[in-house]
Amino acid sequence: ETRKETLGFQTEVKQLLHLMIHSLYSNKEIFLRELISNASDAEDKLRFAALKDDSLYENDPELRIRLDYDTEAGTVSITDNGIGMSRDDVIENLGTIAKSGTAEFLKQLSGDEKKDSKLIGQFGVGFYSAFIVADRVEVFTRRAGAPREEGVHWESAADGEFTIENLPLEERGTRIVLHLKKEEQEFADGWRLRSLVKKYSDHISFPVEMKAEGEKEGEKGDYETVNDATALWTLPRAEIKDEEYKEFYKHIAHDFEDPLTWSHNKVEGKLDYTSLLYIPKRAPFDLYNREAPRGLKLYVQRVFIMDDAEQFLPLYLRFAKGVIDSNDLSLNVSREILQNDSTVESIRTAMTKRVLDMLSKLSKKQPEDYQGFWNEFGTVLKEGPAEDFSNREKIAGLLRFASTHTGESAQNVSLDDYISRMKDGQNKIYYITADSFTAAKSSPHLEVFRKKGIEVLILSDRIDEWMMGYLSEYDGKKFQDVARGDLDLGEVETEEDKKHQEEAAKEHKDLIERIQKALDDRVQEVRVTNRLTDSPACLVTGQFDMGAQMKKIMEAAGQ
Ligand code: ADP
Ligand code: MG
């Protein structure tokens, strides 16, 4: 196929374009970061492909990105000599969105500019951000190694359609030409573009070049590098500003909010690698989609190897983003090799610890930010005790619960908070699980705890009971479900309480027997209890039986 054809965008693309043009107005500069980011990714991909086949360089091995503008024509163009795209690649990459769950995600958008711009940020804007400032965009591209006749010209005015045709192209790689909207002509300006490159793309790994504008003859018109062009993680920590860390995060995470925190470490010795890990502020739209891409960007000796290398972090830390650059792995490393490589295993153990330490530090130094993290990612972290048995104490320290102490549904009580409020003689951490916070809070099981002033953690997330199955103690104190087994209040229970219960049991022996008979085999046993102060009776689960919430989940799953 070489002829010109007109194709329609996928419905989701049309929606996204419409929303982006209308809600990202106050963030419009980001188009440049997104397009330079794509150019940088394309250079990375070429360098990786050329490890196996260096003819792909086509005698032009200097990887670079060029930024040109024409004030009169009102255009800005971004040119890379990276991997390029075939005709099919272009149709696929610039005409559709492949992420699953996109349609459902787009339905949540409300038309409220502020809210939507946040949501779109979680989704990632990418190439289509070009249309925030341009009313017409052209793409010229040729796949590295393909004959010049296989060059492709794509064009769209974001009106629901694009055209595509073949066009001979001498140079491999991609040029994006933005025909700026009337009111966005200010971007066709050397000073403005230079400052945006500095601001957003200083520390990508490749040079961004612009034509010199100096007065001197001989210099004027030659391309000069306008960014720093050293990969951020290779610099010493002391030389990196917070702003630079934040911009780099946006480049690798496709997010446009700042990260919550980060951790940058160079490790030498038995293992030799550098890691730069970030915790995002907001959950991506597909956090609970188990197929969604996750993982770190992997480099080996500063050469990009792959995105979404999943082997370096466990699933319950899938919200972490970042880069790992190893000097121990081979440049030929593949996903299959990563899966059972002992170096990877050791790095993963270290990365896991690093993320947990980062969260623990955040919780101590910036409790409000930590609370924000918890609200976004808490339910993911709750998968931790089951997945990562060896770190369960550490993970437990990061958990936050609703509690009878606050009486509110917000999950903001840590186990350390709980322990600091334990009564004299109390030796267990009490909790209750239920379908909802309200149901738990009004449970008769809490009566005696209220009377004695003992705090009880309130667990009502779907995952909670399952998680508690993997946590038996914290800081040497056992967890106790208040609706399970014999109630042991430790030394908080007085001799008087015990005596009172024994007497009551004697006194009501006949009644107990009659109730037992009436309920027959529907219950195991009927007992007198000191659990209750107001309610006449309550149901208790055996210490080792499946909990009520778990039972419901299993029933719903048809078991
Ligand atoms: P993302 O970068 O998150 O994948 P984008 O919307 O920015 O999403 O880009 C979509 C896809 O288009 C990219 O994944 C890539 O395959 C392709 N693409 C975009 N720009 C370029 C480029 N300059 N060179 C080669 N491919 C590109
Ligand atoms: Mg992109």
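Each ligand, and each atom within it, is numbered from 1 in the order the structure gives.
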- Task: Before giving the answer on side-chain contact (heavy atoms from CB on, under 4.5 Å), spell out for Glu155 and Arg136 the whole-Å C-alpha distance, their side-chain angles and the decisive distance to 0.1 Å.
- Result: CA-CA 7 Å; Glu155 181 170 344; Arg136 191 156 67 88; 2.6 Å; yes
- Query: After noting the C-alpha distance and the side-chain angles of Thr6 and Ile164, does the key distance pass the side-chain contact (heavy atoms from CB on, under 4.5 Å) rule?
  - Reply: CA-CA 7 Å; Thr6 301; Ile164 188 161; over 6 Å; no
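Residues satisfying the ring pair (Phe, Tyr, Trp, His ring centres under 6.0 Å) test with Phe206, not counting sequence neighbours, are none. Considering only residues two or more places apart in sequence or on other chains, Arg194 meets the side chain to side chain contact (heavy atoms under 4.5 Å, CB included) condition with Met210, Glu213, Glu224, Val226.
None of Glu150, Glu149, Glu58, Glu171 except one satisfies the salt bridge (Lys or Arg N to Asp or Glu O under 4.0 Å) rule with Arg142; the exception is Glu58. Asp202 pairs in a side-chain contact (heavy atoms from CB on, under 4.5 Å) with only one of the listed residues (Val208, Asn227, Val197), which is Asn227.
Residue-level proximity to ligand 1 for Asp80 is carried by the side chain, the only part with a heavy atom below 4.0 angstrom.
Distances under 2.8 Å from the Mg ion (ligand 2) pick out the protein N/O/S atoms Asn38 OD1.
Between Phe319 and Phe377, the two ring planes are tilted [angle within 30° to 60°].
Here side-chain hydrogen bond (donor to acceptor under 3.5 Å, both in side chains) pairs that include residues 303-314, with residues two or more places apart or in two chains, are Lys297-Asp307.
The option from Lys45, Lys99, Glu92, Met85 that lies nearest to atom 14 (O) of ligand 1, judged by heavy atoms, is Lys45. Across the listed options Leu35, Val13, Thr174, Asn93, Asn93 owns the non-hydrogen atom lying nearest to atom 16 (O) of ligand 1.
There is a protein heavy atom closer than 4.0 angstrom to atom 25 (C) of ligand 1. When distances from atom 9 (O) of ligand 1 to the protein are checked, a heavy atom turns up under 4.0 Å.
When only non-hydrogen protein atoms are considered, atom 1 (P) of ligand 1 lies nearest to His254 CE1, 4.2 Å. Ranking the protein heavy atoms by distance from atom 20 (N) of ligand 1 puts Asn38 CB, 3.4 Å first.
With Tyr223 as the aromatic partner, Arg66 meets the cation-pi criteria of under 6.0 angstrom to the ring centre and within 45 degrees of the ring axis.
Considering backbone and side-chain atoms together, Phe127 places an N or O closer than 3.5 Å to an N or O of ligand 1.
Applying the 4.0 Å criterion to heavy atoms of Gly126 picks out, from ligand 1, the atoms 5 (P), 6 (O), 7 (O).
Taking a 6.0 Å sphere around NZ of Lys211, one finds it holds 12 or fewer heavy atoms contributed by other residues, nucleotides or ligands.
Ligand 1 has no atom lying under 4.0 Å from any heavy atom of Glu34.
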